[in-house]
Amino acid sequence: DPRADSSAAYSIFEDKFVLFSERSRRSYNQRCFIKPAGCKFAGRPLELFPGKLQKYWYLGWKKRTIFFLTHHLAPRGRIFLVELDEKCRKVVGEKEIVPQTGENILFAAYHRNSLVVASIAQDGKSDKLRRYTHSGNLLEEIDMPFDGTIGSVMPVRDGLFFSLSSNDHLSTIYYHCFKTGKTRAMYVPDFASDVETVSRIELVPSVDGTLVPMHISHRSDLKPSKAAPCLLNVYGGFGIQMRAHFNYQAWCWITLGGIWAQPYLRGGGELGEQWHLQATK
């Protein structure tokens, strides 16, 4: 579509086909197409979700099935698969793998034997990392080394790497082994401070009564009062996620005796599609 303002292409089915994803201009909706690889194909690409405009994130493929994360019929996210015929010219079935829950799915990753799903509770107080079979059965919930923000996930042959950070922890990379179920640190930043800090999440009522999660961080020896200086770090737009993470601006402010506050404003994508849409227009 010449009006599309972003697009992506993925090689699938042993490089024999290409999956295209494009976002219509000034829209959050995506359209997905499949065509044979190569330049000689002159037919029309197969559109996967005609008339079902929403966000679709491609995760991976197996045999003649393709896995997607979507907000279609699920503002907090769900994972489903699309099954194609042998020639990949027709959709012969769809199946929901991980249904929508009370948590918002932040992102997901495909592994040859499983699906890894990162989510956040609706109160914003905890990130979860779970692993499911390709048919949707829960395999395990991976314990987080500390309360923080999951930054990225990379499945490998027998496990996965993931990063974790918070307002008072630099991003640390961990490896989780699927066989043993154990997690170990692979990269710990060379950073140490003699200032002890505390962080918490409070639910703050908005003008319409909606409870908005807000991260609050400060020195442990600081007694908060109306006189304590505070920086409020906010965005809340375009479905963008402004997650709590370590940054030196916040750290310097905290060590000097300030309070750092960061709410998950509506308009952002931290708590799902409805959280985003409630602030539009």
Side-chain angles (χ1 to χ4, degrees), residues 4-6 8 21-32 48-59 67-82 94-109 115-130 132 136 138 141 144 147-153 200-216 232-245 261-281:
D5 60 7
S6 67
S21 173
E22 65 179 19
R23 189 178 70 184
S24 301
R25 187 181 182 189
R26 296 184 180 180
S27 169
Y28 294 98
N29 299 320
Q30 290 168 290
R31 301 196 302 168
C32 297
L48 293 183
F49 317 115
K52 299 178 181 179
L53 292 177
Q54 246 306 341
K55 295 178 180 178
Y56 296 91
W57 291 272
Y58 164 71
L59 300 179
F67 294 83
F68 289 92
L69 166 63
T70 184
H71 281 157
H72 182 249
L73 302 178
R76 291 185 296 279
R78 65 186 178 96
I79 296 175
F80 72 105
L81 64 78
V82 176
E94 291 186 10
K95 180 182 178 181
E96 187 171 78
I97 304 300
V98 180
Q100 175 178 250
T101 67
E103 299 175 354
N104 177 46
I105 296 180
L106 299 166
F107 53 86
L115 296 166
V116 181
V117 180
S119 61
I120 183 174
Q122 281 300 103
D123 61 7
K125 292 187 176 182
S126 61
D127 280 21
K128 301 292 184 181
L129 195 58
R130 299 184 178 94
Y132 298 84
L138 178 64
E141 180 173 326
M144 295 294 97
D147 289 333
T149 296
I150 301 172
S152 60
V153 172
R200 66 185 186 278
I201 296 179
E202 292 190 3
L203 297 177
V204 183
S206 186
V207 291
D208 63 352
T210 300
L211 295 178
V212 178
M214 180 163 66
H215 290 259
I216 301 174
L232 186 67
N233 182 41
V234 300
Y235 187 65
F238 303 98
I240 295 173
Q241 297 180 11
M242 285 284 288
R243 309 294 311 288
H245 65 281
Q262 179 177 322
Y264 290 159
L265 292 189
R266 278 173 289 180
E270 297 88 0
L271 301 182
E273 185 70 358
Q274 287 300 115
W275 196 254
H276 161 220
L277 294 177
Q278 285 173 11
T280 59
K281 301 183 180 180

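Side chains are part of it too, since the values below use all heavy atoms of this structure and drop only hydrogens, waters and symmetry mates.
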Validation: residues 68-79 side-chain donor-acceptor distances under 3.5 Å, sequence neighbours left out:
unit_1	atom_1	unit_2	atom_2	d
T70	OG1	K55	O	2.7
T70	OG1	H72	N	2.9
H71	ND1	E273	OE1	3.4
R76	NE	T101	O	2.7
R76	NH2	T101	O	3.3
R78	NE	H72	O	2.8
R78	NH1	E96	OE2	3.3
R78	NH2	H72	O	3.3

Under the side chain to side chain donor-acceptor pair (under 3.5 Å) test, which residues partner H276, sequence neighbours left out? none
Give a yes or no answer on whether the side chain of W275 reaches the backbone of Y264 with a donor-acceptor pair at less than 3.5 Å.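 Between the backbone of Y264 and the side chain of W275 there is a qualifying donor-acceptor contact (under 3.5 Å).
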Could you tell me whether a side-chain N or O of Q30 sits under 3.5 Å from a main-chain N or O of Y56, the two making a donor and an acceptor? yes
Return the minimal non-hydrogen interatomic distance between [X] and [Y], and the atom names on each side.
X: I201; Y: P213; answer: CG2-CB, 4.1 Å
X: A121; Y: E103; answer: CA-CG, 4.1 Å
X: K128; Y: I150; answer: O-CD1, 3.7 Å
X: R266; Y: S206; answer: NH2-OG, 3.2 Å
X: Q262; Y: A244; answer: NE2-N, 3.6 Å

First locate atom [atom1] of [X], then atom [atom2] of [Y], and finally report the distance between them rounded to the nearest 0.5 Å.
X: Q54; Y: N29; atom1: CD; atom2: CG; value: 6.0 Å
X: D123; Y: E202; atom1: CG; atom2: CD; value: 12.5 Å
X: L129; Y: M144; atom1: CG; atom2: CE; value: 4.5 Å
X: I120; Y: L106; atom1: CD1; atom2: CG; value: 5.5 Å
X: L265; Y: M214; atom1: CG; atom2: CE; value: 9.5 Å
X: L115; Y: F67; atom1: CG; atom2: CZ; value: 5.5 Å

For D147, the salt bridge (Lys or Arg N to Asp or Glu O under 4.0 Å) test, sequence neighbours excluded, returns none
I97 vs Y132 side-chain heavy atoms within contact, under 4.5 Å: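 They are not in contact (no side-chain heavy atoms under 4.5 Å apart), so the answer is no.
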Evaluate the side-chain proximity of D127 to R243: yes if any heavy-atom separation is below 4.5 Å, no if none is. yes
